[in-house]
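Step one of this worksheet: look at the structure below.
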Amino acid sequence: MDKRSCKVVVVPDYAINPQSYPDLPQNNMIYESLKESGYGVIKLPPHETAKERAEPWIDMAADMIEEYLKRGYLVAVIEIDHPRMRAWVEELMKMLEKRGAPRPKSIKILGIELERAEKISEKIKTIL
Amino acid sequence: MDKKAVFIAHCFLNQNSKALGFAQYQGIFHPLVDFLIGKGYVIEQLPCPEILHMGVRRWWCTKDLYDTPGFRKKCMKLAKAVVDLMEHYLSKGYDVAVIGVDGSPSCGVNLTGRNPSWGGKPRDDVGEYRMVEEMGVWMEELSHESEKRGLKQIPLIGVKEDELKADMEKALRKLEIELRR
């Protein structure tokens with residue numbers, strides 16, 4: 001039996017690889033919360049990737065968002081409100097707008113919330 | 001702790017990308033991802049050329065069906081982006097490894113499925129998905145691109161989902177050994 005949830009989130013690299021961002025809290029709270037809530041994840045490239053090298057990844061994420069939304073899946077984008085975390089989410093949103101594609105839901109996790117599991121979980125619950 | 005970046009098949013983080021009928025988890029294939037996180041590895045998610053090319057409602061396919069110039073071109077384009085990222089990690093002193101899905105027509109490393117009679121009007125009598133000891137189309141194109149760029153040998157590891165399902169601990173121990181090589 002197919003167990004898919006038909007729920008997908010696009011996340012910044014930090015959500016899966018916090019160890020690559022030593023200036024941010026070192027925990028896997030976003031990952032754990034997404035796992036518990038049954039979301040599939042599309043991960044954006046690391047934030048230090050050069051813009052021209054990140055572009056194909058943003059393009060792929062945009063293609064997948066379009067496809068999932070067309071098929072009735074729930075799609076959301078998680079933004080982390082931190083200067084180093086915004087770039088690829090912003091590029092993704094710009095790309096979707098340029099394509100005239102529907103916008104996925106978007107939630108923003110504040111920097112101060114990154115160490116508060118209950119706050120992250122609360123935010124993720126608001127996607128539904 | 002090893003400084004390693006592991007490029008995993010897209011569906012390990014997103015079971016919603018599987019061909020219909022094959023998602024074993026709601027979202028994340030978490031025993032495998034938890035294991036990699038526990039080891040402290042950086043996790044990169046490979047693109048899924050199947051969903052990008054054929055969409056989420058695609059029919060089940062064999063390697064024969066994906067072995068077309070159009071699908072290979074798609075894979076070549078994706079491979080360039082992946083190998084760019086591998087170069088980034090290698091330049092920072094990381095070891096890089098790839099984990100594919102054995103048996104998959106695109107992501108298989110040691111095993112893929114073939115049957116030349118699949119095609120045309122969907123019907124039940126086309127015969128079984130025959131496992132053969134070959135790579136899937138996507139893994140072939142990814143390894144061509146990394147060889148073309150002269151990257152040091154990147155270990156390609158094939159994980160069998162049925163082995164994970166049957167005995168997760170044993171399958172993860174086997175994976176751990178392969179990742180240490």
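All chains are named by letter (A, B, ...) in the order of the sequence lines, taking the proteins before the strands, and each is independently numbered beginning at 1. Since we're looking at a predicted model, the values are computed, not measured.
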Can you list the steps and then say if B:His10 with A:Ile42 is a side chain to side chain contact (heavy atoms under 4.5 Å, CB included)?
CA-CA 8 Å; B:His10 183 93; A:Ile42 299 172; 4.2 Å; yes
Using the side chain to side chain contact (heavy atoms under 4.5 Å, CB included) rule, take A:Glu36 and B:Gln26 through it: C-alpha gap first, then chi angles, then the decisive distance, then the call.
CA-CA 10 Å; A:Glu36 291 309 311; B:Gln26 283 191 303; over 6 Å; no
Kindly indicate, with the supporting measurements, whether the criterion side chain to side chain contact (heavy atoms under 4.5 Å, CB included) is fulfilled by A:Glu48 and B:Lys92.
CA-CA 12 Å; A:Glu48 57 188 7; B:Lys92 288 172 68 185; 2.4 Å; yes
Checking side chain to side chain contact (heavy atoms under 4.5 Å, CB included) for the pair A:Lys3/B:Gln15: CA distance, chi angles, key distance, verdict?
CA-CA 8 Å; A:Lys3 294 186 178 161; B:Gln15 290 277 288; over 6 Å; no
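Side chain to side chain, A:Tyr31 and B:Asp34 meet the donor-acceptor criterion of an N or O pair below 3.5 Å.
Between chain B and the options A:Cys6, A:Pro46, A:Pro45, A:Ser37, heavy-atom pairs under 4.5 Å are most frequent for A:Pro46.
A salt bridge does not link A:Glu67 to B:Arg57: none of the charged nitrogens lies less than 4.0 Å from a carboxylate oxygen.
Each of B:Val98 and B:Ile43 belongs to its own hydrophobic cluster when Ile, Leu, Val, Met, Phe, Trp and Tyr are linked at side-chain heavy-atom distances under 4.5 angstrom. Cluster membership for B:Met86 and B:Ile157, using ILVMFWY side-chain heavy atoms within less than 4.5 angstrom, is not shared. Under the 4.5 Å side-chain contact rule for hydrophobic residues, A:Trp57 and A:Val75 share a cluster.
Side-chain contact check for A:Arg4 versus B:Val56: some heavy-atom pair is nearer than 4.5 Å. Looking only at side-chain heavy atoms (C-beta outward), B:Leu13 and A:Tyr39 stay at 4.5 Å or farther from each other. By the 4.5 Å heavy-atom criterion applied to side chains, A:Ser5 and B:Asn16 are counted as neighbours. A:Met60 places a side-chain heavy atom less than 4.5 Å from the side chain of B:Leu52. Using a 4.5 Å cut-off on side-chain heavy atoms (C-beta onward), B:Asn14 and A:Met64 make contact.
The contact between B:Ala19 and chain A is made entirely by backbone atoms, counting heavy-atom distances below 4.5 Å. B:Ile37 touches chain A through its side chain: at least one heavy atom from C-beta onward sits under 4.5 Å away, while N, CA, C and O do not. Contacts of A:Lys7 with chain B are made by backbone atoms alone, with heavy-atom separations under 4.5 Å and no side-chain atom involved. With a threshold of 4.5 angstrom between heavy atoms, A:Asn17 approaches chain B through side-chain atoms but not through N, CA, C or O. Contacts of B:Lys18 with chain A are made by both backbone and side-chain atoms, with heavy-atom separations under 4.5 Å.
Among all heavy-atom pairs drawn from B:Leu20 and A:Asp2, the shortest one is C-OD2, 3.7 Å. The shortest non-hydrogen separation linking A:Arg53 to B:Asp84 is NH1-O, 3.1 Å. Taking every heavy atom of both residues into account, B:Val42 and A:Ser20 meet most closely at CG2-OG, 3.8 Å. The heavy-atom pair separating B:Gly40 from A:Gln19 by the smallest distance is O-NE2, 3.4 Å.
Atom NZ of A:Lys35 is surrounded by more than 12 heavy atoms from other residues, nucleotides or ligands within 6.0 Å.
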